[in-house]
Amino acid sequence: MSDVVSLLSQIEDTGRDTRGPGYQRPGFSNTERELRDWFLAEAARRGLDTEIDANGITWAWATPPGENAVVTGSHLDSVPGGGAFDGPLGVASALAAFDELKASGTLERAQRPLALAVFPEEEGSRFGVACLGSRLITGAIDADRALGLKDANGDTFADVATGYGLDPNRIGTDHSRLSTVGSFIELHVEQGIGLINTDQAVAIGSSIIGHGRWHFAFSGQGNHAGTTPMSHRADPVVAGSRVIGDIPVLAASHDQAVATVGRTLIHPGGTNVIASGMSFWLDIRHADDAVVKQVLEAISQRAQAHAGDTGVEVSISQESYSPTTYFTAELNDRLRTALPTAPLLPSGAGHDAGILAPHVPSAMLYVRNPTGVSHAPEEACEDEDQRTGVSALVKVLEGELGVAS
């Protein structure tokens, strides 16, 4: 069977951004479906039994399904202009790890079932809610709210899910499915610089810091760009831009807090038109949930002030929030036994493992990224580090499977 490097090469052209470097692999899109079909084909080649559950999560069982299963996997969607490894590395590594476990005869002696899993819409780039698949299965998001989410084209998740082959009436919390998972281990490319200056290619995740997304919508008076005096304008772009300019200072006043505006929308978007509406989406992260709240409050107050100064209105709504999550201590202890030299690293990035952690024992492995850049084309992972990551995952899975001697 193929190793992790060759597996990733099979999908290196799928979803390439036609406008520049990087990838466009939105959740529940034709591109994500193509990637899912690739995974299903690879699983079938290995004789795995596959299924897609009510929430669009793809499962591939290496052994007959059963209780207390060991599950590993990640996601295949990307942020706009994302890199090649965020998500797919974990999926390809799961397939490669299965190959090694099968070749060594480990699966024949396993005392627990093994499954590979692929979660949809992890990035939240289409419907604005990160880790949508894992949120749905755990009940971290209400099914009715999820079904009403809209993408940039105005299509609801209910309609898109139907086109994806899912039944909206069955989408939502699945306690019976979760009850079969005894441990979930997600391998992921590192999205920071924690391993760059070390001799270690793999780290064990300790926690995922609290993070949330908020929508700021400014509404003003659309008008003619040439005939409306500056003194008679109610321009939402001015108010929104002033807030965005203030955010770096407001976030920096709290040690290690980060706040980001990576997406804006101006309506109606004409060059010679004073906009009637301007929106931006705010991402805030910090290990202390109270600090996240403080940063949000400071930015919200500044938004209200700038709106008042410019004669516009502003509304603020929360799209998602995940409090700081610590991975399961007992499971992490077992990972440290299997990988005694691997350092522990917290993560500023969200993952499906973090959503699952309050419900099933969960852990993460991070594989070194020599650039330290993620969510961008410069994201990287050396071939040898990819293979080292698979070897680490195999060691962890061997321990979790309770291989009989």
Side-chain angles (χ1 to χ4, degrees), residues 74-75 79 86-87 90 122-124 128-131 134-135 138 140-141 184-198 200 202-214 246-262 281-302 316 318-333 335-336 339 342-369 372-376 379:
S74 192
H75 64 97
V79 296
D86 182 354
E122 191 269 355
E123 298 292 4
V129 176
C131 302
S134 54
R135 287 183 189 276
T138 60
I141 185 172
F184 176 68
I185 298 97
E186 181 175 4
L187 180 146
H188 203 281
V189 67
E190 188 194 1
Q191 295 179 278
I193 60 174
L195 291 172
I196 286 180
N197 295 317
T198 74
Q200 298 295 316
V202 177
I204 297 169
S206 59
S207 62
I208 295 178
I209 69 173
H211 57 282
R213 297 179 182 182
W214 291 266
D246 289 340
I247 286 173
V249 174
L250 295 173
S253 65
H254 298 269
D255 186 39
Q256 298 186 339
V258 292
T260 306
V261 173
W281 283 260
L282 173 68
D283 182 301
I284 307 175
R285 308 186 186 214
H286 193 275
D288 186 340
D289 297 325
V291 173
V292 174
K293 183 177 180 180
Q294 291 166 12
V295 174
L296 174 64
E297 184 175 333
I299 296 172
S300 298
Q301 289 177 354
R302 193 64 58 88
I316 304 166
Q318 178 177 296
E319 292 200 335
S320 65
Y321 188 73
S322 299
T324 294
T325 300
Y326 294 91
F327 290 114
T328 310
E330 295 83 0
L331 179 55
N332 260 13
D333 286 343
L335 265 65
R336 296 178 74 178
L339 307 171
L344 283 172
L345 286 182
S347 175
H351 301 284
D352 289 306
I355 302 300
L356 293 173
H359 306 272
V360 300
S362 301
M364 289 199 70
L365 298 175
Y366 299 119
V367 183
R368 181 166 50 196
N369 174 352
V373 175
S374 188
H375 283 187
E379 179 181 88

Novice: Shortest non-hydrogen contact from Ala251 to Ala257?
Specialist: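 Taking Ala251 first and Ala257 second, the nearest heavy atoms are O-CB, 3.7 Å.
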Novice: Is Ile316 atom CD1 crowded by more than 12 heavy atoms from other residues, nucleotides or ligands, each under 6.0 Å away?
Specialist: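 Yes, the 6.0 Å shell around CD1 holds more than 12 heavy atoms from other groups.
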Novice: Would you tell me whether Arg135 and Ser322 have side-chain atoms, one donor and one acceptor, within less than 3.5 Å of each other?
Specialist: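 Their side chains do contain a donor-acceptor pair, which is all the 3.5 Å distance test asks for.
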Novice: Quick one: OG1 on Thr138 to CD1 on Ile355, what's the gap to the nearest 0.5 Å?
Specialist: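 So the OG1 of Thr138 and the CD1 of Ile355 are separated by 6.5 Å.
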Novice: If every non-hydrogen atom of Ile208 is compared with every non-hydrogen atom of Gly350, which pair is closest and at what distance?
Specialist: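 Residues Ile208 and Gly350, closest heavy atoms: CG2-CA, 4.0 Å.
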Novice: Are more than 12 heavy atoms, taken from residues, nucleotides or ligands other than Gln256, located less than 6.0 Å from that residue's CD atom?
Specialist: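 Counting other residues, nucleotides and ligands, CD of Gln256 stays at 12 neighbours or fewer.
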Novice: Taking only residues two or more places apart in sequence or in another chain, which ones pass side-chain hydrogen bond (donor to acceptor under 3.5 Å, both in side chains) with Asn369?
Specialist: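 Here the qualifying residues are Thr371.
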Novice: OH/Tyr366 to CG/Leu344 distance, rounded to the nearest 0.5 angstrom?
Specialist: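 The distance works out to 10.5 Å.
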Novice: Compute the ring centroids of His188 and His351, then answer whether they are less than 6.0 Å apart.
Specialist: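 Yes; His351 has its ring centre under 6.0 Å from that of His188.
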Novice: If we ignore angles and hydrogens, is there a donor and acceptor under 3.5 Å between the side chains of Tyr326 and Asn332?
Specialist: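 Looking only at side-chain atoms, Asn332 and Tyr326 do not form any donor-acceptor pair under 3.5 Å.
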Novice: What pair of heavy atoms forms the shortest contact from Glu186 to Asp352, and how long is it?
Specialist: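 So the minimum-distance heavy-atom pair works out to OE1-N, 3.7 Å.
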Novice: Search all heavy atoms of Phe327 against all heavy atoms of Ser207 and return the closest pair with its distance.
Specialist: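 For Phe327 and Ser207, the tightest heavy-atom pair comes out as CD1-N, 3.8 Å.
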Novice: Would you kindly say whether Asp86 and His75 are connected by a side-chain donor-acceptor distance under 3.5 Å?
Specialist: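 Yes, side-chain donor-acceptor contact under 3.5 Å.
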